[in-house]
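Written out below as structure tokens is the structure these notes cover.
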Amino acid sequence: MVKAGGPETKQRLTVVEILHRAGYSPPMHRHLVEDESFYIISGSALFESDGERFTVQSGDFAFLPQGSTHSFLAGPQEPFRCLVITVPAGFETFTAEVGVPAARRELPEPAPIDGDVLASIAARHNIEILGPPLTP
């Protein structure tokens with residue numbers, strides 16, 4: 001859910017609330033334009049940024065600077081809920097293009113991901129997909 005995006009912030013930042021299923025991990029990637037920060041609302045996750053791993057939980061904050069190679073792995077016990085803050089704005093347009101609006105206010109069942117399509121969309125939004133999702 002987009003809390004604030006480019007139109008509301010004069011293109012300065014995006015704030016998106018995201019809820020991931022337990023065990024979810026995006027592919028290893030890097031943002032070529034944005035700094036990306038995470039404020040953890042609930043749950044936990046293992047992050048990897050530029051080869052260093054660290055764990056976050058409710059109340060923690062993680063900053064991933066522009067160009068850093070990173071991913072995360074949501075904890076195995078509960079959903080991972082966070083605010084994702086990117087500077088400058090634009091991340092909301094990536095999420096809108098790559099995502100599908102939820103039919104109900106609940107986590108949908110995972111759907112297969114076409115890696116080539118994801119990489120193409122990401123590239124249009126200055127995000128490079130570099131490798132597979134993070135594993136424990």
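FYI, the numbering just counts along the sequence from 1.
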For the pair F80 and L73, evaluate side-chain contact (heavy atoms from CB on, under 4.5 Å) and give the outcome as yes or no after the intermediate values.
CA-CA 9 Å; F80 177 57; L73 174 62; over 6 Å; no
Decide side-chain contact (heavy atoms from CB on, under 4.5 Å) for L134 and R53; before the verdict, give the C-alpha distance in whole Å, the side-chain angles of both, and the deciding distance to 0.1 Å.
CA-CA 10 Å; L134 193 59; R53 288 188 170 198; 3.1 Å; yes
For a side-chain contact (heavy atoms from CB on, under 4.5 Å) check, start with the C-alpha distance between S49 and F54, then their side-chain angles and the critical distance, and finish with the verdict.
CA-CA 8 Å; S49 179; F54 56 96; 4.3 Å; yes
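With hydrogens and angles ignored, the 3.5 Å screen pairs no side-chain donor or acceptor of S120 with any backbone N or O of D116. Judged by distance alone, with hydrogens and angles left aside, the side-chain atoms of E48 form no donor-acceptor pair with the main-chain N or O of F72 at under 3.5 Å. A donor-acceptor pair under 3.5 Å is absent between the side-chain atoms of E97 and the main chain of F94, judged by distance alone. Side chain of D50 to main chain of S68: no donor-acceptor pair is present (N/O by atom type, distance under 3.5 Å, no hydrogens or angles). In this structure, the side chain of S44 does not engage the main chain of Q57 through any donor-acceptor pair within 3.5 Å. Of the possible donor and acceptor atoms, none in the side chain of T55 sits under 3.5 Å from a partner among the backbone N and O of L46.
The distance from atom CD of Q66 to atom CG of D35, rounded to the nearest 0.5 Å, is 6.0 Å. Distance check, rounded to the nearest 0.5 Å: CG of L64 to OG1 of T69 gives 10.5 Å. Atom NE2 of H29 sits about 6.5 Å away from atom OG of S71, to the nearest 0.5 Å. From T93, atom OG1 reaches atom CD1 of I121 across 11.0 Å, with rounding to the nearest 0.5 Å. Taking NE2 of H31 as the reference point, atom CG of N126 lies at 10.5 Å (rounded to 0.5 Å). Considering CD1 of I127 and CG of L32, their distance stands at 8.5 Å, rounded to 0.5 Å.
Counting all heavy atoms, side chain and backbone alike, A74 lies closest to R21 at CB-O, 3.5 Å. The minimum heavy-atom distance between E92 and P7, with the atom names listed, is OE2-CD, 4.1 Å. Across P27 and G131, no two heavy atoms sit closer than the pair CB-O, 3.2 Å.
F63 has its ring centre no less than 6.0 Å from the ring centre of F38. Taking the six-membered ring for Trp and the full ring otherwise, the centers of F61 and Y39 sit at least 6.0 Å from each other. Taking the ring centroids of H125 and F91, they lie at or beyond the 6.0 Å cut-off.
Using a 4.5 Å heavy-atom threshold, the side chains of V16 and K3 count as separate.
With P88 as the partner, the side-chain contact (heavy atoms from CB on, under 4.5 Å) test is satisfied by one option alone out of L13, T14, V33: V33.
Residues M28 and L118 fall into different hydrophobic clusters, defined by Ile, Leu, Val, Met, Phe, Trp and Tyr side chains chained together at heavy-atom separations under 4.5 Å.
Looking at H70 and E36, their side chains do bring a donor and an acceptor atom within 3.5 Å of each other. Checking S58 against S42 by side-chain atom types alone, no donor-acceptor pair falls below 3.5 Å.
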